[in-house]
Every structure is written in C-alpha cells, then in structure tokens.
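Okay, so here's the structure we're looking at.
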Amino acid sequence: MPKIFSFASINIDEVYSVPHIVRPGETLTSTKRQQHAGGKGTNASIAAARSGHSHVTVIGKIGPDGLWIRTLIESTGANIDHITVLEQTPTGRAIIQVDDAGENAIFLFPGANHMLTQDDARKALAVNSSEGDWLLLTNETTAVVEAMRVAKDAGMQVLWNPAPVDSRVVANGLVDVLVANESELAEIARQQKGKEADGGGLGDCAKLARQVMLWMGCHVIAVTLGSKGSLGLVRLSRLNTHEIAIHATKDNNSNSDSNSSSSDNDIVEIRMACAPVGKDQVKDTTGAGDTWVGYFAAELARKQGDSPESIGSAVTSLTPSMVEHAMRVATYASGLAVTQMGAVTSIPHRAQVDEFLKTKKTKQK
C-alpha cells in the first residue's frame with residue numbers, strides 16, 4: 001500500500017460557542033470556550049491514521065506549547081519523527097467561532113507553520129518514501145509548492161487541498177489530485193483565467209471543475225459541496241484498463257449514493273449524495289472537510305494497494321471506481337464528524353465509519 005506523508009499545519013484550536021457568527025463592529029459574548037488540537041494538515045493526517053492506514057507520517061513544526069499535540073498525533077499511530085519543536089516560535093493557533101447551527105468562522109495565527117521549508121520536505125521524504133507514495137498538503141504552511149516539487153522529483157503522488165486559497169501558491173503541473181470546496185474551486189478558477197464561477201448549481205460547478213482540471217493538469221478533482229454532497233472528476237487514460245464497474249447507476253430516481261457517467265474529453269464524472277445525517281444531529285462542522293480529505297486519501301492508497309499494477313509515478317492509474325469508493329467512505333466519515341464537537345475529537349475511527357456505511361444510522365451520544 002502506498003505510504004502517506006502529510007506536509008502539515010499543526011494548530012491549537014480555540015473554539016468559542018456563539019449564538020451567531022460575529023458581525024463587523026459587533027461585540028459578542030461566547031457561551032463556551034474549548035481548546036483542541038487542530039490544523040487542517042493535522043486533522044487530515046489523524047483522519048488518515050484513524051481510517052486504518054498504517055503508514056502515515058506527519059511533517060510539521062510546533063512550539064513548546066504544542067508538545068501535547070505531537071503526543072496526540074503519535075497516539076493515533078501516525079509517525080511523528082519529522083515534527084520539529086522550535087523553542088522560540090509558538091505553535092500555530094486557530095480562533096474558531098461555532099454558532100447554534102454548527103456553522104463556523106475561523107481566523108488563523110500561523111506561528112511555527114510558517115517556518116516549514118523545502119529542506120524539511122526533502123529530509124523527511126528521503127528517509128522512507130517510495131515512488132507512488134502520497135504527499136498531502138494544504139495552504140496553511142510555507143513551502144507548499146517547493147514540497148510538491150520534491151515529491152514529484154521522487155515519483156510521488158500529490159494531493160492538494162488548497163485551503164485557504166492563496167494567490168501566491170501556483171501549483172499547475174504539480175498536483176495529481178485536487179480536493180476543494182465550491183468557493184475554493186471558484187477562487188482557483190478566477191486566479192487561473194480571471195473568471196468568476198457562475199454559482200448556478202451543480203452543473204456549473206462540474207463545468208468549472210473541468211476547466212480547472214485542464215488548466216492545472218490534475219488527473220482527479222473532488223469538490224465537496226456541503227449539503228449537496230460531492231462531485232468527482234476522473235481523467236481516463238490507457239493505464240486504467242483494469243477498471244471495474246462503478247457501483248452507481250445512471251438512473252437519477254434510484255436510491256444509489258452516487259450517479260456516474262462518462263462524457264467528452266475522456267473525463268468521468270461522479271456525483272455523491274451527502275451522508276444521511278439529520279440537521280438536528282449537526283453540532284460542529286469545523287473538522288468535517290479535513291476528515292473528508294484524510295479518509296479520501298487513505299482510501300485511494302488502500303485501493304491502489306489492492307491493485308498493485310496501478311501504482312506508479314503517474315496517478316492516471318487511479319480509476320473511477322477507486323475514486324467513487326474513496327468519495328463514499330470519506331462522505332460517511334465526514335458525516336459522522338459533524339455530529340460531534342471539535343476537530344480532532346470529532347474524527348471517527350474506521351469501525352464507526354464501516355458501521356455507518358452498513359446501517360446508514362449514526363449513534364447518538
């Protein structure tokens with residue numbers, strides 16, 4: 001099975017419960033304060049480890065105030081040998097508001113996350129990475145593009161979650177799998193060609209994703225759509241001749257989780273409904289997207305491990321059925337995540353996800 005390396009942001013999350021997200025000029029009293037481990041890279045790494053993937057390595061930097069987070073990451077089974085402690089730099093922080101409906105607003109203090117360098121990636125990947133392994137990245141650290149180049153030079157596969165979108169990070173030709181939400185996808189498109197997303201629905205999102213796929217040279221794009229589920233695009237190639245049938249049906253009236261169809265330019269489109277979680281069950285959406293990313297990456301690696309002939313320096317060997325499977329598992333994992341408070345604390349273990357996939361019911365606490 002391909003190993004996973006995460007060039008990760010590591011944050012201390014300060015979570016404030018509020019009746020609504022604070023408005024400009026408004027002073028609001030919080031009803032509760034909690035502190036958790038966080039950072040998009042940390043969350044995705046822990047999600048990958050909790051999914052059952054046995055080879056997750058986290059590359060990151062913290063201050064002395066973040067030692068407890070390193071211990072927490074290690075407890076999930078992830079490798080922490082490449083998490084460096086900087087004595088004079090504090091750990092990154094995220095200040096998070098969560099309203100009564102579970103929606104959130106976040107601002108970040110980067111701290112040690114902005115001390116990561118290309119050499120950090122090079123040293124970590126030189127130890128035990130192999131061709132076909134995965135590098136996961138977000139935009140919460142420095143040296144994002146530089147780390148991608150190191151990975152590509154080593155024949156690795158790159159999965160990028162461009163959050164928060166940063167116009168200074170231009171990764172064309174370096175990303176094999178792009179995972180973004182609607183607003184991130186629209187911003188990337190605007191930066192690429194100066195175009196705005198229509199925002200008129202799923203069809204427009206699919207069209208925009210196709211354009212971004214062509215502009216960036218990605219082989220797979222997954223777009224998370226909140227209550228509308230998720231959208232996947234897979235570029236076909238001669239390498240995925242071992243493809244098996246996608247489980248979904250083309251009948252829009254069926255009860256299947258997803259709907260897949262081929263189209264022009266040898267791109268297969270996959271549409272996945274959201275997990276069956278009631279609005280009254282949603283407590284906190286903070287870590288849901290990161291949970292989706294971590295489980296998605298781990299499932300792609302797992303399916304490649306089941307099909308050794310698909311592993312290589314080109315991620316075009318990923319097939320639509322692999323991507324569809326990974327999207328379904330990620331969707332149910334993130335569905336469970338929103339039913340609990342906190343980011344890391346809400347990330348489910350694989351047994352919980354498997355049970356949810358089987359029963360389509362969440363267990364309330």
Side-chain angles (χ1 to χ4, degrees), residues 8-44 46-47 62-63 65-66 68-69 72 89-114 138-142 161-169 179-188 190-191 196-197 199 223-228 274 277-293 334-347 365:
S9 55
I10 302 173
N11 288 336
I12 297 172
D13 285 358
E14 297 181 31
V15 183
Y16 295 87
S17 298
V18 292
H20 60 264
I21 303 302
V22 67
R23 303 181 184 95
E26 180 183 25
T27 299
L28 193 63
T29 299
S30 171
T31 58
K32 187 177 183 180
R33 178 189 180 277
Q34 295 177 290
Q35 182 169 287
H36 306 288
K40 298 187 72 63
T42 295
N43 299 340
I46 289 177
I62 57 175
D65 55 339
W68 62 276
I69 303 178
L72 173 62
T89 305
T91 301
R93 296 257 174 176
I95 309 303
I96 304 169
Q97 301 175 59
V98 180
D99 68 16
D100 291 341
E103 293 299 323
N104 67 75
I106 305 170
F107 71 87
L108 302 174
F109 167 70
N113 293 320
H114 277 199
T138 70
N139 278 353
E140 288 187 344
T141 72
T142 45
N161 174 217
V165 175
D166 187 337
S167 61
R168 296 168 296 180
V169 180
V179 181
N181 62 28
E182 286 182 278
S183 62
E184 291 157 359
L185 182 72
E187 181 61 20
I188 289 173
R190 187 191 66 77
Q191 292 177 6
E196 296 286 353
V223 186
T224 55
L225 303 167
S227 62
K228 293 180 289 185
C274 60
V277 177
K279 291 183 179 180
D280 60 331
Q281 296 174 290
V282 176
K283 294 183 179 179
D284 185 2
T285 61
T286 302
D290 304 332
T291 298
W292 203 101
V293 171
S334 63
L336 284 177
V338 302
T339 67
Q340 306 298 325
M341 291 295 297
V344 167
T345 52
S346 71
I347 298 171
K365 290 186 178 181

If you apply the rule side-chain contact (heavy atoms from CB on, under 4.5 Å), what do you find for Ile62 with Ile69, and how did you get there? CA-CA 9 Å; Ile62 57 175; Ile69 303 178; 5.6 Å; no

Residues Val165, Gln191; criterion side-chain contact (heavy atoms from CB on, under 4.5 Å); working and verdict: CA-CA 10 Å; Val165 175; Gln191 292 177 6; 3.3 Å; yes

Determine, step by step, whether Thr291 and Asn43 satisfy the side-chain contact (heavy atoms from CB on, under 4.5 Å) criterion, reporting the C-alpha distance in whole Å, the side-chain angles of both residues, the deciding distance to 0.1 Å, and the verdict. CA-CA 7 Å; Thr291 298; Asn43 299 340; 5.9 Å; no

Once rounded to the nearest 0.5 Å, what's the spacing between atom [atom1] of [X] and atom [atom2] of [Y]?
{"X": "Thr31", "Y": "Asp100", "atom1": "OG1", "atom2": "CG", "value": "7.0 Å"}
{"X": "Ser17", "Y": "Ile96", "atom1": "OG", "atom2": "CD1", "value": "11.0 Å"}
{"X": "Lys279", "Y": "Gln281", "atom1": "NZ", "atom2": "CD", "value": "13.0 Å"}
{"X": "Gln97", "Y": "Ile21", "atom1": "CD", "atom2": "CD1", "value": "5.0 Å"}
{"X": "Leu336", "Y": "Ile347", "atom1": "CG", "atom2": "CD1", "value": "12.0 Å"}
{"X": "Glu187", "Y": "Asp166", "atom1": "CD", "atom2": "CG", "value": "10.0 Å"}

Check: [Y] main-chain N/O paired with [X] side-chain donor or acceptor under 3.5 Å:
{"X": "Ser9", "Y": "Thr141", "answer": "no"}
{"X": "Asp290", "Y": "Gly287", "answer": "no"}
{"X": "Thr91", "Y": "Asn11", "answer": "no"}

Neighbour count >12 (heavy atoms, 6.0 Å) for atom CZ, Arg168: no

What's the shortest heavy-atom distance between [X] and [Y], and which atoms?
{"X": "Gly38", "Y": "Asp13", "answer": "CA-OD2, 3.4 Å"}
{"X": "Asn113", "Y": "Ile10", "answer": "OD1-N, 2.8 Å"}
{"X": "Glu140", "Y": "Gly41", "answer": "OE1-N, 4.5 Å"}
{"X": "Trp68", "Y": "Ala37", "answer": "CH2-N, 3.4 Å"}
{"X": "Pro162", "Y": "Ile188", "answer": "CG-CD1, 3.4 Å"}
{"X": "Ala288", "Y": "Ala337", "answer": "CA-CB, 4.3 Å"}

Please say which of Val98, Leu28, Thr29 ends up in a side chain to side chain contact (heavy atoms under 4.5 Å, CB included) with Val18. Leu28

All side chain to side chain contact (heavy atoms under 4.5 Å, CB included) counterparts of Arg23, not counting sequence neighbours: His20, Glu26

Residue pair Thr138 / Asn161, side-chain donor-acceptor N/O under 3.5 Å: no

Walk me through whether His36 and Val15 qualify under side-chain contact (heavy atoms from CB on, under 4.5 Å). CA-CA 8 Å; His36 306 288; Val15 183; 3.7 Å; yes

Can you name the one residue among Gln35, Arg93, Gln34 that meets side-chain hydrogen bond (donor to acceptor under 3.5 Å, both in side chains) with Glu14? Arg93

